[in-house]
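Take a look at the structure set out below.
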Amino acid sequence: ILDILRLFIVYFMAVYCLYKRNFLNILFLFVFIILSSFINGAKFSILESIYLIVVVYCIFFGKKIKINFGNTFRFSLLFVCVLVFSLFFTNKLVLEMGYSSYYTNLPPAIEMLLSRIIANGDIYYLGLINNLVFTLSNQVSSFFELISRPYLGYDLTKAVFESDNNKDSLNIGRAVWEYWYPYSMSGGSIDHFDIAAYTYFGLFGGVVFVSIIGFFLGRINKYKKNLMSGKNDSILNIGFFSIVYIKCYLLLLSPVVAVTTLFDIFLFFILLNMIFVLFKKS
């Protein structure tokens, strides 16, 4: 809830800064992004907030971000800030867990961060070697079990689905990563949409699942173009769409995480609408 609330607050503050541009407003927005990212704890949270601001700018002004020297310098500076932010949190995690480097001679914080970066793409070359994806697919939790766990809890989900897995959340990406790197503290490989589709739904079900993802992303992109071309909509609806838009990348990286995240956004949007209706009536 706090993560979704953070994005809605960033959105409303960004809209306000676009129309009331002054140094204090922009500074306050920047400070809020930093502080909320520390509370969130995710390494991607700062970049995600910046991404949301860029989307809001493009939608409200119907412009695209151009690649030039100034923008390249700004994004390079942003990359350095995100890298420092990531190393800070990773080093804090290393100290709390007492983690030591197992696979490199690098400092533990750098090894852990590198393993997280490598994990974003390694399921292809680590999962297809020795047919691991096909071998391990019988050991992972089902798609609907993984979606239910954040809402039902571990024990209730295990009872409902009669699961024999002793893992808190065993997806195909984590299973592949643990096979090769059992001592790594990283969350594991990202179960990309194609590998996840085959693992959870089989060959034909996977084709249907990938088609649904493609259709959904196509509709989202078309609606974005309509908004950029001047289509009128309410501030709240544009905010809801902008947050859904920046979260859509999860459908390609991890469909399980994407479905739960988008479901959270929809629930929060409904709750926010109900609050606005009550305030309007009062």
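Bear in mind the structure is a predicted one, so any value in this text is a computation, not a measurement.
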Point to revise | Spacing of OG1 belonging to T261 relative to CG belonging to L251, to within rounding of 0.5 Å | key: 9.5 Å
Review point. Can you check whether K224 reaches F241 side chain to side chain, under 4.5 Å on heavy atoms?
Key: yes
Check your understanding: Centres of the Y245 and Y223 rings: under 6.0 Å?
Key -> no
Check your understanding: Could you walk me through whether I33 and I53 pass the side chain to side chain contact (heavy atoms under 4.5 Å, CB included) check?
Key -> CA-CA 11 Å; I33 290 174; I53 294 173; 3.7 Å; yes
Practice item. Could you check if a side-chain atom of I213 sits within less than 4.5 angstrom of a side-chain atom of F209, using non-hydrogen atoms only? Key: yes
Check your understanding: Are there more than 12 heavy atoms of other residues, nucleotides or ligands under 6.0 Å from atom CZ of F12?
Key -> yes
Practice item. Give a yes or no on whether Y125 atom OH has more than 12 heavy-atom contacts from other residues, nucleotides or ligands under 6.0 Å away. Key: yes
Review point. Does N221 use its side chain to pair, donor to acceptor, with the backbone of L217 at less than 3.5 Å?
Key: no
Point to revise | Polar side-chain atom of N22 near backbone of L24 as donor-acceptor pair, under 3.5 Å | key: yes
Check your understanding: Any side-chain heavy atom of V56 sitting closer than 4.5 Å to one from V15?
Key -> yes
Practice item. Please examine the side chains of L236 and L272, heavy atoms only from C-beta on, and report whether any two atoms are closer than 4.5 Å. Key: yes
Review point. For the hydrophobic clusters of this structure (ILVMFWY residues joined by side-chain heavy atoms under 4.5 Å, transitively), does one cluster hold both F276 and I270?
Key: no
Exercise for review: For R6 and S49, test the side chains for any donor-to-acceptor distance below 3.5 angstrom and give the result as yes or no.
Suggested key: yes
Review point. Quick one: does L252's side chain get under 4.5 Å of H192's, heavy atoms only?
Key: no
Exercise for review: Decide whether Y200 and L128 are clustered together by the hydrophobic rule: side chain heavy atoms of Ile, Leu, Val, Met, Phe, Trp, Tyr closer than 4.5 Å, transitively.
Suggested key: yes
Check your understanding: Which one of F215, F193, F201 satisfies the side chain to side chain contact (heavy atoms under 4.5 Å, CB included) criterion with V210?
Key -> F193
Check your understanding: Any side-chain heavy atom of I123 sitting closer than 4.5 Å to one from W177?
Key -> no
Exercise for review: Report the distance from atom CG of L52 to atom CE of M13, rounding to the nearest 0.5 Å.
Suggested key: 11.5 Å
Check your understanding: Is it true that atom CZ of F144 has more than 12 heavy atoms of other residues, nucleotides or ligands lying nearer than 6.0 Å?
Key -> no
Review point. So, F266 versus F240, ring centres under 6.0 angstrom or not?
Key: yes
Exercise for review: Report yes if the side chains of D191 and I195 come closer than 4.5 Å at any heavy-atom pair, otherwise no.
Suggested key: no
Review point. Considering all heavy atoms of both residues, which atom of G153 and which atom of T157 are nearest to each other, and what is their separation?
Key: O-OG1, 2.6 Å
Check your understanding: Nearest heavy-atom pair of I46 and I34: which atoms, and what distance?
Key -> CD1-CD1, 3.8 Å
Practice item. Would you sort out whether L7 and K247 count as a side chain to side chain contact (heavy atoms under 4.5 Å, CB included), showing the intermediate values? Key: CA-CA 11 Å; L7 292 175; K247 288 291 188 179; 3.7 Å; yes
Check your understanding: CG/L5 to CG/L271 distance, rounded to the nearest 0.5 angstrom?
Key -> 10.0 Å
Check your understanding: So do V244 and C248 actually touch side chain to side chain, heavy atoms under 4.5 Å?
Key -> yes
Study note, to complete from the structure: Between the CD1 atom in I59 and the CG atom in L18, the distance rounded to the nearest 0.5 Å is 11.0 Å
Check your understanding: Y198 and F134: aromatic ring centres closer than 6.0 Å?
Key -> yes
Practice item. Verify, without hydrogens or angle tests, whether S254 (side chain) and L250 (backbone) share a donor-acceptor contact under 3.5 angstrom. Key: no
Check your understanding: Going through the distances and angles, do F269 and I243 end up as a side chain to side chain contact (heavy atoms under 4.5 Å, CB included)?
Key -> CA-CA 10 Å; F269 178 69; I243 294 173; over 6 Å; no
Check your understanding: Any chain of hydrophobic side-chain contacts (each under 4.5 Å) joining V10 to Y19?
Key -> yes
Review point. Stepwise, does the side chain to side chain contact (heavy atoms under 4.5 Å, CB included) test hold for E48 with I246?
Key: CA-CA 8 Å; E48 189 176 55; I246 68 168; 3.8 Å; yes
**Study point:** Check: D264/Y151 side-chain N/O donor and acceptor closer than 3.5 Å
**Key:** yes
Practice item. Would you please classify the geometry between the Y11 ring and the F60 ring as parallel, tilted or perpendicular, with 30° and 60° separating the classes? Key: tilted
**Study point:** Gap between atom CD1 of I147 and atom CG of L152 - 0.5 Å precision
**Key:** 11.5 Å
Review point. Looking at CG of N105 and CD1 of I110, how far apart are the two atoms once the value is rounded to the nearest 0.5 Å?
Key: 12.0 Å
Practice item. Compute whether any side-chain donor of one residue and acceptor of the other, for Y124 and D194, lie under 3.5 angstrom apart. Key: yes
Review point. What about Y16 and Y57, same hydrophobic cluster or not, with Ile/Leu/Val/Met/Phe/Trp/Tyr joined at side-chain heavy-atom distances under 4.5 Å?
Key: no
Check your understanding: Given the rule that I, L, V, M, F, W and Y join up when any side-chain heavy atoms are under 4.5 Å apart, are V31 and F88 in one cluster?
Key -> no
Check your understanding: Counting heavy atoms not belonging to F32, are there more than 12 under 6.0 Å from its CZ?
Key -> yes
